[in-house]
Amino acid sequence: MAAPTEQITLYTAKICPYAQRTEIALAEAGVDYTRFEIDLGNKPEWYASKINPASKVPAIAYGGPPVPASQPPQSTKLAESLVLLEFLSDIHPSTPTLLPRDPVKRARARFFIDAVSTKFVLGEKEAIGGLMEGVESVMRLLPSLEAKGQTDGKGSSKRMVLEQEGKQDNRWTQAPSSSAQPFSIADAAIAPFALRWELSLSNDIGAYEEGEGKKVWEVLSKEPRYERFRKYLEALKGRESVWKTFDRCEFILQVYTKRFGDARAQRKANKAKAA
């Protein structure tokens, strides 16, 4: 791990996709830092007054002496996931792919992040309809899928690769097709939400009606029109920085199951009363 110019303490929470964004960027930069888990249901009394007045995660304490995370040092406090992504890119220019140096590529990465923020993340709040619109919006900015090679009639399958549209520098995201390819803050911005959508839909856990999640996941996972999104999702999941910061089964699934299970039970009870 690379040592930052100043010490970094990250205040985060496993359940929070916004916080995972920052953890992904720190992993990509190979930075040593202190991680402090915040219980969002029982935050420390000192957190809002000494770290983040908004009382949200993620937040970073940058600089100051190396003291326990529960004793916030006299340091610079920063918050908001997208702000932190760019900040980490700025202080670690030796990891240039986090935010490309070329101004056109930087602008395209930011445009992709804006689409994620205004279409894909809001889609999560708007349940199924919003999700599908968000997927369509993001997918239009991904490199195109192009089949290379045809089946030879003897059972060999086509080899699908991610191929960008247009000129070589016409990229809205790094859109890695493998864990060895470039990865930017645009990818870090969407990965936590894409992974949580897969987890929710494939397990039929969400604010939607029972059974709707698996129906939508069936469409996304099988229909040819979503091949580009599936390839991108698989590339994100194969990135070490992504899967190492995503506690899929042991925690997030349990929390989601309880949260949305209670919501569905309450909805059924309300319908029964109204009948």
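We use all heavy atoms of the structure for the numbers below, so side chains are in, but hydrogens, waters and symmetry mates are not.
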side-chain contact (heavy atoms from CB on, under 4.5 Å), that's the test. Do E6 and T76 meet it? Break it down for me.
CA-CA 10 Å; E6 301 281 355; T76 300; over 6 Å; no
Would you list the pairs meeting salt bridge (Lys or Arg N to Asp or Glu O under 4.0 Å) in which at least one residue belongs to residues 216-225, sequence neighbours left out?
E136-R225, E218-K222
Pairs flagged by salt bridge (Lys or Arg N to Asp or Glu O under 4.0 Å) wherever residues 52-63 is involved - sequence neighbours left out
none
Tell me whether I91 shares a hydrophobic cluster with V83, the cluster being built from Ile, Leu, Val, Met, Phe, Trp, Tyr side chains joined at under 4.5 Å.
no
Are L253 and W243 linked, directly or through other ILVMFWY residues, by side chains that come within less than 4.5 angstrom of each other?
no
When every non-hydrogen atom of A13 is compared with those of I38, the smallest separation belongs to CB-O, 3.5 Å
For P100 and K105, work out which heavy atoms get closest and say how close.
CB-CB, 3.6 Å
With a cut-off of 6.0 Å (strictly less than), are more than 12 heavy atoms of other residues, nucleotides or ligands near CD of E80?
no
How many angstroms lie between atom [atom1] of [X] and atom [atom2] of [Y], to the nearest 0.5 angstrom?
X	Y	atom1	atom2	result
R101	R106	CZ	CZ	9.5 Å
L26	R21	CG	CZ	14.5 Å
E240	T245	CD	OG1	10.0 Å
T257	I205	OG1	CD1	3.5 Å

Check this for me: does any side-chain nitrogen of one of [X] and [Y] sit under 4.0 Å from a carboxylate oxygen of the other?
X	Y	result
E227	R230	yes
R264	D204	yes
E23	K244	no

Ring centre gap for [X] and [Y] strictly below 6.0 Å:
X	Y	answer
F87	Y62	yes
Y18	F193	yes
F36	W46	yes

Would E198 and L236 count as a side-chain contact (heavy atoms from CB on, under 4.5 Å) here? Give the steps.
CA-CA 12 Å; E198 180 187 29; L236 292 175; over 6 Å; no
Set of side chain to side chain contact (heavy atoms under 4.5 Å, CB included) partners for K258, sequence neighbours left out:
D262
Can any side-chain N or O of [X] pair as donor or acceptor with the backbone N or O of [Y] at less than 3.5 Å?
X	Y	value
R108	V104	no
N270	Q266	yes
E37	K14	yes

What verdict does the side-chain contact (heavy atoms from CB on, under 4.5 Å) test give for V31 and L88, after you've listed the backbone C-alpha separation in whole Å, the side-chain angles of each residue and the deciding distance to 0.1 Å?
CA-CA 9 Å; V31 177; L88 291 171; 5.7 Å; no
Going by atom types alone, do N203 and Y256 pair a side-chain donor with an acceptor below 3.5 Å?
no
Stepwise side-chain contact (heavy atoms from CB on, under 4.5 Å) check, H92 with E28:
CA-CA 10 Å; H92 293 285; E28 287 289 331; over 6 Å; no
